[in-house]
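Data first, discussion second: the structure below is written as structure tokens.
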Amino acid sequence: MKATPKRQRRDPRDIVASIEIGARVRRVRQVDMDRSRVRVDGGAFSLPTSDVTAIGLAPDVEWTQDICERVLRAMEIDRAMRRAIASIQRAPCSRRRLIERLRGKGVEPPIAEQVADALEQRGVLDDDALAASAARAIVSRRPAGRRLIEAKLRQQGIDAEGAKAAAAGALEGRDPLEDAIALASRRARTFGAGVDDQARRRRLFGVLARRGFDADVCRTAVERVCREDLT
């Protein structure tokens, strides 16, 4: 017996676009805390209740071109919003990264911006909190300097000012020289006996520089560690 092919579900936007101008809204029913289902002659669709109210959809209201266009735009925003929330739930991200993700899914830039604004107002999207958390995580894994922290945050879409503030917060109360010495000491212990002093210094300086420590901190830490190794 052949399996019955699954019936393809129509895109709600196609349903709305096919409703004839002059049709009447027959029913508006709230289906959960914040969504309502609207039945019009020729089709049915759901939207956030706030949009239904703002557009003025109610029983016996005539379906006009203006209403059709407003419903279609509300659908686009609603779809983008649900995609945005799902994306943030999978992996928290910055405002810039979220907009990039939405645009990658075909969301128009103005709608992506509008969705990001709304999520910021709700506190769902918070670049400052994200940057602070990410900066603390970087430092907790391994000593790091300001430059590295800021660079990694910028890669995540945090702006320069936010990255600078988060890096300063993560490093508050820490001594960069002590952190650099601790990191250099651990790395120096991994060098074999055949590594001469100049090569040791170059390697240690490179390790510290890549971890974002300022040049003067790198030089002082390398000098301290190498001098202690000789005593």
Side-chain angles (χ1 to χ4, degrees), residues 83-105 107 109 112-113 115-116 119-120 123-231:
R83 282 177 170 171
I85 291 173
S87 179
I88 292 172
Q89 288 175 338
R90 285 194 300 270
C93 63
S94 64
R95 175 191 174 93
R96 193 180 88 188
R97 283 285 179 269
L98 177 65
I99 290 173
E100 289 173 353
R101 291 178 187 178
L102 292 176
R103 292 187 64 180
K105 292 183 178 296
V107 176
E113 294 276 355
V115 167
L119 291 177
E120 281 184 328
V124 176
L125 196 62
D126 188 334
D127 277 11
D128 290 342
L130 176 68
S133 176
R136 289 194 299 269
I138 293 168
V139 173
S140 68
R141 287 193 292 268
R142 196 157 44 120
R146 170 188 55 81
R147 291 187 297 108
L148 176 70
I149 299 171
E150 290 183 18
K152 285 186 174 294
L153 295 180
R154 293 297 302 276
Q155 290 171 3
Q156 295 182 39
I158 304 298
D159 63 31
E161 185 177 345
K164 183 177 181 179
L171 294 173
E172 186 176 2
R174 301 181 69 100
D175 185 329
L177 180 57
E178 289 183 2
D179 282 346
I181 290 172
L183 180 57
S185 295
R186 287 201 298 272
R187 182 55 63 91
R189 289 194 289 271
T190 68
F191 294 160
V195 179
D196 63 39
D197 183 62
Q198 288 303 314
R200 178 185 298 265
R201 289 171 183 271
R202 285 196 303 271
R203 292 184 187 181
L204 290 178
F205 189 96
V207 167
L208 298 179
R210 287 191 294 274
R211 288 301 293 173
F213 291 100
D214 293 336
D216 57 340
V217 171
C218 294
R219 283 191 291 268
T220 302
V222 169
E223 182 64 31
R224 186 85 58 86
V225 170
C226 289
R227 188 169 62 242
E228 290 175 354
D229 285 349
L230 294 174
T231 58

Do the side chain of S185 and the main chain of I181 share a donor and acceptor less than 3.5 angstrom apart?
-> yes
N/O donor-acceptor pair under 3.5 Å between S87 side chain and R83 backbone | no
[X] with [Y]: basic N within carboxylate O range, under 4.0 Å:
X: D197; Y: R201; answer: yes
X: E150; Y: R146; answer: yes
X: E100; Y: R97; answer: yes

Does the ring of F205 carry R219 above it, NZ/CZ under 6.0 angstrom from centre and within 45° of its axis?
->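 No - R219 does not lie over the ring of F205 by the 6.0 Å and 45° rule.
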Can you find a heavy atom in the side chain of D159 that is under 4.5 Å from one in the side chain of R95?
-> no
Working to the nearest 0.5 Å, report the span between SG of C226 and CD of Q198.
->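 So the SG of C226 and the CD of Q198 are separated by 9.0 Å.
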For C93 and Q156, what are the C-alpha separation, side-chain angles and deciding distance, and is it a side chain to side chain contact (heavy atoms under 4.5 Å, CB included)?
-> CA-CA 7 Å; C93 63; Q156 295 182 39; over 6 Å; no
From CA spacing to verdict: side chain to side chain contact (heavy atoms under 4.5 Å, CB included), L177, F213 = CA-CA 9 Å; L177 180 57; F213 291 100; over 6 Å; no
Run the numbers on L119 and L98 for side chain to side chain contact (heavy atoms under 4.5 Å, CB included), then give the verdict.
-> CA-CA 10 Å; L119 291 177; L98 177 65; 3.8 Å; yes
Please check if atom CZ in R103 has more than 12 non-hydrogen atoms from other residues, nucleotides or ligands closer than 6.0 Å.
-> no
Take R187 and L208 through the test side chain to side chain contact (heavy atoms under 4.5 Å, CB included) and record every step on the way to the result.
-> CA-CA 10 Å; R187 182 55 63 91; L208 298 179; over 6 Å; no
